Amino acid sequence: MASSAGISLKLSPLSTSFKQNQVPGICNVNSVRFPSLGMQPGSMRLRVSCAAKPETLEKVCGIVRKQLALPEDSSVNGESKFAALGADSLDTVEIVMGLEEEFGISVEEDSAQHIATVQDAADLIEKLVEQKSA
Amino acid sequence: MNIRCFQRNFSAAFPPLVPLQLPSPMETHLWYILPDEVKNSALLNQYSELLSPCERESVSRMRGDQLKKRALLARALVRTTIARYQTNCQMNPRSLRFRKNLYGKPEVEWRNEDNFNPPPLHFNISHTSAMIACGVTVNVPIGIDIEEKQRRTKNNIIAFAQRYFSPYEVKVLTAISDPEVQRQEFIKLWTLKEAYVKALGKGFSAVPFKTFTIRFRDTTMRNFHPPESSVSEESDIVVESSEDPTDPANNWRCALLEVAGSHYGAICMEKDRIAGENAPPKLTVWKTVPFVEDVCVSGTDAVLVLGGIIEQ
C-alpha cells in the first residue's frame, strides 16, 4: 500500500486547500478551466486534481477483489492494473456495474474504456460523485 | 542483412513451424492452445525467447504464475501463428513487430522493405484461463471472443443485460425460464457482442453494446447441433445497428462455436464483397502447442457450430 499512501499524502494538501478556499466545483477542474485563479489547475495532471478519498479507493479495491475472487492477502492497491490482476472484459464490465451500484453513479462507455488501474476507477468515481452532488 | 526472413537458421532449438497457405477470402483459421497442456518449462522458456523485451516485461507484470503463463502463451500463439503463413519466405516469429491501431486494436507492423509485399492478414486473439485462441483472416478484419461455458456472472443476468444489452436481447433472455439455459444464452450473446466490437476495431466506446442487437434469424435462440453435415443452415446470426435500423449491419458475418467442449467461441468478420456473398464462409480450426504439435480439429467434436452459416 506504500505507493498509494504516497499518492494520497501528496494530494491531500491540495484538496484540503481547495476546500478551504471554497472554490466551487473544484473537482471538475479537468473539464472547466479557471485561468484567473492563482493556482492553475489546467496545468496539473488530471489525476492530481481529482484525488480519490482513501475510503473510495478501499471500496474499489474491495469490489475488484470480490469480482476477481482474489485471496484476502493478495495486494490490491491504486496502482494495480486490472489486466495484470487477470480481469477480462466481462470482469471489467461487472466491476463497473458494481461500482455504479455501490456509489450510485452512471459510467459512460467513454470513461470506462480508459480505466486501466484501480486508481483510475476510484478517481473517476470521485469525479462522478462530485458531479452528481454539484 | 534481411533479418525478417530466416530460412531455417534463426534458432537451432526450434523445429520450423509447419508452413501454411494463407486462408482464402471468406475463410477463417482459428488456432487455440490449452494452457494446461503446456507444462514443459524448457518449452515455456523457448516461447519467452520469441517475445519482444516489451512483451516480456508485460508478462512479468502479471500477478501470479498462472496469469504470467497465460500472457506468455498468448504472445507466443500470436507470433507463431502469423509466422506460419507462407508469404515470400519463412518468417521468424521473433522478429514480428506489433502495434496498436488508433483505437488500441493490435495489428502486425510489417516493415516496408524491397521485395516484400505484406500479406493482407488480419488477426485477433481472445483468452480465458483455460484456452487462448487466435483467429486469422485475409483482406477483412476479424474479431473473436471465447468464454468458458461454465462462466458465471457476479451480477444478476437480467440486471446486467438491462444495463448493457439492447432491449430486444433483454427480451430474449428474460423469456428463458430455465436459469441455466438463460446463463448459457447470456454467455453466447456476450461472446458474439464482444467479437463484433473487436472486429470493428474502434474500441468499445465507439460501439456501445446497447447500440446493436445480435439476432438469430430464427427468432428464438437455441443450441443447434448440426447432424452429419457441418453446415448449419437454420440459424444465421445477424447484427443490427440501433443507430440505423434500415441498415442491418449486413457487412458483418458472425458464427458461434462450441470449442473443445468447454468454451463458447464467437467469430465476427467483415464480408468480402469481392469474394462474393453466397459462398458460405469456411472455418478451419487447429489445436496447437507451437513447435510441438498441431492438430486439425475441424469437423470433430472439438468444434461444433452453434449458429451462423459457416462450413468446416
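Within every chain, numbering begins at 1; the chains are lettered A, B, ... in the order of the sequence lines, protein sequences first and strands thereafter. These numbers come from a predicted model, not from an experiment.
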Task: Toward chain B, the part of Ala83(A) with a non-hydrogen atom under 4.5 Å - done: backbone
- [ ] For Ser111(A) and Val107(A), indicate whether the former's side chain and the latter's backbone hold a donor-acceptor pair under 3.5 Å.
- [x] no
- [ ] Going by the salt bridge (charged side-chain N to carboxylate O under 4.0 Å, His left out) test, name the single residue among Lys59(A), Lys53(A), Lys132(A) that passes it with Glu126(A).
- [x] Lys53(A)
Open item on the list: Parallel, tilted or perpendicular, judged at 30° and 60°: which one describes the rings of Phe165(B) and Trp190(B)?
Closed with: parallel
Task: Test: Arg75(B) cationic atom under 6.0 Å from Phe98(B) six-membered ring centre, within 45° of axis - done: yes
Task: Side chain, backbone, both or neither of Glu147(B) within contact of chain A (heavy atoms, under 4.5 Å) - done: side chain
Task: Parallel, tilted or perpendicular: rings of Tyr164(B) and Phe160(B) (30°, 60°) - done: tilted
Open item on the list: Is Lys66(A) close to chain B through its backbone or its side chain, or both, or neither, when contacts mean heavy atoms under 4.5 Å?
Closed with: backbone
TODO: Could you tell me which portion of Ala159(B) (side chain, backbone, both or neither) has an atom closer than 4.5 angstrom to a non-hydrogen atom of chain A?
DONE: both
Open item on the list: Looking at Glu185(B) and Lys188(B), is any side-chain nitrogen of the basic one under 4.0 Å from a carboxylate oxygen of the acidic one?
Closed with: yes
Open item on the list: Taking side chain as everything from C-beta outward and backbone as N, CA, C, O, which of these in Arg163(B) sits under 4.5 Å from a heavy atom of chain A? Side chain, backbone, both or neither.
Closed with: side chain
- [ ] Tell me, for Leu90(A) versus chain B, whether the close heavy atoms (under 4.5 Å) come from the side chain, the backbone, both or neither.
- [x] both
Task: Heavy-atom contact with chain B under 4.5 Å, split by part of Glu101(A) - done: side chain
